[in-house]
Every structure is written in C-alpha cells, then in structure tokens.
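The structure appears below as structure tokens.
Letters A, B, ... mirror the listed sequences (proteins, then strands); counts begin at 1.
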Number of protein chains: 2
Amino acid sequence: MATIKDVAKIARVSPSTVSRVIAGSDRISQKTKERVRKAMEEVNYVPNAIARSLARSRTRTVGFTLSRRADQAFSNPFFSEVLRGMSSVAQMRDYNILLSISLNEEEEKEKCLRLIRERRVDGLIVSTSRVKDSLIDALLREEIPFVVIGRSADSPVMSVNNDNVQASFQATKHLLKEGYREIAFISGPRELMVSVDRLQGYKQALFEAGIPVEEGRIAETDFSEEGGFQALCAMRESGVAFDAVLASDDLFALGALRFATHYRMDVPEELGILGFNDTPMMSHTHPPLTSVRILSYELGAEAMELLLGGLENPEKWKNQKEIVLPSRLEIRESTRRKGAENEKSHN
Amino acid sequence: MATIKDVAKIARVSPSTVSRVIAGSDRISQKTKERVRKAMEEVNYVPNAIARSLARSRTRTVGFTLSRRADQAFSNPFFSEVLRGMSSVAQMRDYNILLSISLNEEEEKEKCLRLIRERRVDGLIVSTSRVKDSLIDALLREEIPFVVIGRSADSPVMSVNNDNVQASFQATKHLLKEGYREIAFISGPRELMVSVDRLQGYKQALFEAGIPVEEGRIAETDFSEEGGFQALCAMRESGVAFDAVLASDDLFALGALRFATHYRMDVPEELGILGFNDTPMMSHTHPPLTSVRILSYELGAEAMELLLGGLENPEKWKNQKEIVLPSRLEIRESTRRKGAENEKSHN
DNA sequence: CTGTTAGCGCATTCAC
DNA sequence: GTGAATGCGCTAACAG
C-alpha cells in the first residue's frame, strides 16, 4: 500500500507538501498540486485513516450503542430505520459508525466509556432513555460528546425525540371522538421515558374530556404480543370494562387483536384498537390497525446531524438542543367505528 | 488522558515494559508487573486503540456493509438479528463493528473498498449475494478478507448461508402432504441467490412428486405485501388455478392472506399459505402463518466467527469454508388442512 | 528480565 | 510556496 512518502518521491516534493495537497491547503502552487495529484493516482494512493486519526486526535467515527432491552422496546423495524437515518448523514459528512449492541444497561455503559477512552470514537449516540438513567449520568460526568435518541428526565442533554406525550394525547382524543369512553392503556415498563410520556398523554386527554382515569384500566407489561394479550385478559377477569385499547406499542395491539378474536368481539365496533409505531407489516392486520407513525429514519438522521454539529463546533454544546419530531396518527379500520358517528351498521 | 509514558514514569520503568505488561508478556518479573499495574490504575490508564492500530497495522475492527436493497430483501427483523449475532461474538473476542448502509450495490462496493484502503477495518462481512455479484468479484480481486452472508454463485468464498434449497424443498413437500396439488410460488427478484435457491427447492419437490411445474404459477415481484397480493390477483385473472401459495418471504404471505380475504377463500381449506423467515410479529396472523424459520442470529454469529478465525489464522483462508445453517418449518394453521388428512370438516 | 532505538503514516509547527 | 523536524501513542526488534 502506498504511503505519503511514495507519493512525495514520485512527485519530487516533500511529504508535507503532499499532506497539504490532501488537506486542500491554498498556499500551494497549481503546478505542484497537479504533479502531486498525478502521483497519487499513479500509485493509487489512499490516506491511511488510522495514521491520520492519530496525528489529528480525531477519528471521524461515532459510536452507536444500544442495549438489547431498548432494541426490544422500540420494535425491530424502528431500530433499522434509525440506523439508516444515521448512516445516511454520516455517509454524507464522511463519518463512520461504530456499532455496539449490549445485553443490558451496565454493559452498554462500559462499552461507551471504553470506546471513548480508547479513543476509537469522537462521540456517541445512545438510544437508551430511562427515567433514572445511569448511562446518561456517566456520559455527562466524563464530559463525553453525545446525543440521546429519546430524552433525559433530569439533566439537559442534546437529544432527539418524538413527541410521545402529544402523540398519545392525540391518539386518545381520536378514540374519544369515535365514541369510545372506557379506554384501556397498555404500557411498557414504566422505567422507560417513552412509557411515562405516552401514559401522560393518555391521562391528559381523559382529563380534558372530563373522564376519570381508572387505574384498573392501565396495565404495565413487557414489550410483547403475549404481554398485551394477557394484560387485557387480566383486566377482563377482574371485571374491568373497556371498549377501546390504547396500545403503547404495536406488539400490544397485536395482542389486543388476538384478545378480540378470542372473545369474539368485533373490532372496531365493540373494541377499538390503536397502536404505536405503525410497523409496516402491521398495516395489513384484520382489520387494518390504526397506529401512531414515528419518524424513525428522521430520528436517526437528526441525531447524527446534532452530534456532528457539536463535534465540529464545540461551542454548540453550550446551547443544549432538544429536538422533538412530530408523529402522525394513521387512522385505519381498527378504530373507525360505524356505530358511533352514524347509526347505520352494515354487516 | 494518560499515555504509556506517564505510566512508565510513575512505575519507574521504560515504556516498552509497560507495553509488555499490557500485552501480557510472560518474561517479566512479578514485581514490576505489579508496580506497572498499580501505576496504570493510579492514572486510570487505557491504551489508545488508534495508536495501537497504527503500530500493529491491525484495527480489531470489522466492517459490515449492506445495501438498502438487501435490507429489504430479508425483511427487517432479520437484519437486526444478524447484527445481534455478529455483535455478540465480536464483543466476546474484543472486536468492533463498523457499520455502513448503502443505497445500492455500487455505493456499497465503493464503501467496502474505501474502508479497507483507508485501513479502517481488518476485514468485511457483506450480506449481498446476487447471482452475478460485482461486489464479491471486487473483494476477491483486491484480496480482501471477507465473509459473505448468503452464498456466491461462481467463485468459492467464505460464506454462511441458510439452506434455502432444502428449506424450500421441505416446505413444498409439507404442502403436498397436506393435499395441496396446485402450488403457486411467489419469488423475489431472480437476481438474488436466495430467490434462485428457493425456487429450485420448490421445483425439485414438485418434480419428485411427479407434478409438472407450471410457469404460470410462478410469479416474480419486489419484496412487499402489495407485490404478493398483486401477483396472485394476476394469476387468478389469467385463469391460473392454485390451491396453495409458497411465499418466498413473509411479506408475500401477508399479501396472500389479503388475497384470500378479498376473495373470501378459506385458509387453509381452500388456500394453503406458507411463508419464509418466520417473522415474529407474523405468527399472530389469522390464521397463524406456517413459515420457515431462519436462524438469523446464528447466521451473524457464524459469519463473525468465520471472519475472525480467518483474520487471526490467515492460513485458514486456504480451505474455503462454506457454512450452511439449517432452518425449520414452523407449522401453523395456515397450512394445517382438516379436509385433506381426514374428511371431517368442522365449520 | 528490561531499556534503547526505530518506526507505523500522517499533520503541523517552524524555518527559509 | 515548500522542506525539515518533531510528535501523535504504541509496538517491536535488538541489545544487554
């Protein structure tokens, strides 16, 4: 592999001149510039990124870490879309992405610190966001440049998040408008910010509508279809009535659909079902699922923009930016009641 | 940040001694070893991976590239599972993963070559595998260490693949056993090896059963639910009869389910439907979908093992290894016919 | 067992 | 404008 010296020799200049040409320095004669360029082509020269990183103390690499838990939390397609968004802007700005998937929060934290201390990356994007997040605390303490996808409960940090409260609020309002009054809420683990926020939007909408919040209608479970199904079964068994389900994840909505089938309840007439994430594969359920569409790709892209901006203009870290992306309710048949708006039911 | 020199000074030894302690060299006295260790802790020393990479000409980083097309091809959860598998063994063997998602094959090829030429990675895992694959050709030409997830049509390369021919063969046999005789096949783009292989298994099973292959029952389309739906509609319109669908991707199976609903065909009685990938979210369709389960996690893990093995024992590249992982047919209601095996139909 | 020397490939002073 | 010298932080001979 050719080095800068080889090029210098061929172009009959010094290595530093070659270096300048690479860097695009201006005070260099057109003639030698040409000669160096030709020499580079001749030996098929490509700068060694490692050597450059060492000399400049910057790697042009950012780390993206994820703990398995978070991966499940946001259902799968979400994850790969975020990655695509990140990758796309990284590519454009000539950065690389170092990926690390951990089993739990503790492992993720160590991985993050290690990547930074070993100087493998210039900054990090983390997608965790718990209510009490030790990872974020650690990153702040070590003054590491990072952006979180999600949001931090206490400390102000650079973050990109979707407006969960607002989305959940609107979703609930939609259900109310369709005439549902006894809306059950299936929550993921409450330690996750996303769960807290979505629950809040739900409560807020009920409050505004003057409908009391029944704790019995709120269930918490792990992210899974089964969890959603069981939660509803439990409610039913304990005699809690509900005519709609706000599922804070599409997986729960799947469970709700199964519940409806199991108990022969008509969706949407007897049970309205609304999910979160608008997983592409799930717009084809029977009936098609109403769901909150999240801008996953944009989430990743914005996070990367934010991080790179901060890395290249360190003073930007001063004005902590928290970006919030809108989401949109995709209304489909699982909540489109015929009985409510107009009394004609055609079955 | 502390360097090896700082540690050396504190432990009153030379930098090379510190380096030896890090490397775990044996011929070094227990006493100085201790002293060095203490010094390292004292200043919280962590070796600079970049400097080490430069000195050793090895980065302990492998690149994983993917073009958007391939990402779609294998439906999404597949992708993140593969990544998890790769990440898990990388972590264990202290390697890092550099991720790059491209828009198309050409871009992916350039990205691969660049990563290698810039010396950012020691080797690559690529998940493309077309019938005529220019990426693989390029990697071979440049003598780059790499492993393919999938397989190469012509050149022998290190690869990890699932046994698509066999899986498709078994799936078809299952349909035949259930009494289906007019089995339609929905294929993805034929330029992909996976499509070719699955089609072959299908044909082979029909052949063994003495059933002629009707080209009219074979459709090719892009990976999407809509594609699957339209393919069947087209068949129906052109008067081709079929009593089962072998969908070479779960997305197609979704389309087939919609087709059945649309034309009020009972599944599995009037139409058997069998998918590929066993996407977790889709075991909850109505009726539950029979599908070929792919070991995605293992695919990623094995690919990484293979690559790292090759990187650390270069002579291993001699005996080109092609690993083939088995898959398993998950039989559910969408193909479990009651009418076929015993004539009692209970509806 | 341990220290000295010499790079790894490039960027960046400081001279001229 | 360009070259020479020095260093980024670590590893790897070569001595002793």
For [X], answer base if it contacts any base atom (sugar-phosphate contacts may also be present), sugar-phosphate if it contacts only those atoms, and nothing otherwise; contact means non-hydrogen atoms under 4.0 Å.
| X | value |
| --- | --- |
| B:S53 | nothing |
| B:V18 | nothing |
| B:S57 | nothing |
| A:R119 | nothing |

Looking at the side chain of [X], which of [options] is the nearest nucleotide?
| X | options | value |
| --- | --- | --- |
| A:A51 | C:dC8, C:dG9, D:dG9 | C:dG9 |
| B:R27 | C:dA11, C:dC1, D:dC10 | C:dC1 |
| A:A55 | C:dC10, C:dT2, D:dG9 | C:dC10 |
| B:P47 | C:dG3, C:dC14, D:dC10 | D:dC10 |
| B:I4 | D:dC10, D:dG3, D:dT2 | D:dC10 |
| B:S14 | D:dC8, D:dG3, C:dT4 | C:dT4 |
| B:R56 | D:dG3, C:dC10, D:dA12 | D:dA12 |
| B:L54 | C:dG9, D:dT2, D:dC10 | C:dG9 |

Ion pair present between [X] and [Y], side-chain N to carboxylate O less than 4.0 angstrom?
| X | Y | answer |
| --- | --- | --- |
| B:R130 | B:E105 | yes |
| A:E312 | A:R93 | yes |
| B:E106 | B:K109 | yes |
| B:R84 | B:E81 | yes |

Worksheet item: Just one of A:V62, A:I116, A:N96 clears the side chain to side chain contact (heavy atoms under 4.5 Å, CB included) bar with A:V121, so which one?
Response: A:I116
Worksheet item: Pick one: which of B:I136, B:N161, B:L140 meets side chain to side chain contact (heavy atoms under 4.5 Å, CB included) with B:S152?
Response: B:I136
Worksheet item: What about A:S16, does its side chain sit under 3.5 Å from the base of D:dA4 through a donor-acceptor pair?
Response: yes
Fill in: Side-chain donor/acceptor contact of A:R35 with base of D:dT2 under 3.5 Å
no
Grab the [atom1]-[atom2] distance between [X] and [N] for me, whole Å please.
| X | N | atom1 | atom2 | value |
| --- | --- | --- | --- | --- |
| A:D26 | D:dT2 | CG | P | 12 Å |
| B:K9 | C:dG3 | NZ | P | 14 Å |
| B:I50 | D:dT11 | CD1 | C1' | 15 Å |
| A:N48 | D:dC10 | CG | P | 17 Å |
| B:R120 | C:dG9 | CZ | C1' | 14 Å |
| B:K33 | C:dC1 | NZ | P | 9 Å |
| B:I22 | D:dA12 | CD1 | C1' | 14 Å |
| B:K5 | D:dT6 | NZ | C1' | 11 Å |

Below 4.0 angstrom from OP1 or OP2 of [N], is there any side-chain N or O of [X]?
| X | N | answer |
| --- | --- | --- |
| B:T17 | C:dG3 | yes |
| A:T3 | C:dC8 | no |
| B:S25 | C:dC1 | no |
| B:S29 | C:dC1 | no |
| A:R52 | C:dA11 | yes |

Worksheet item: Going by heavy atoms in the side chains, are A:C112 and A:F146 under 4.5 Å from each other?
Response: no
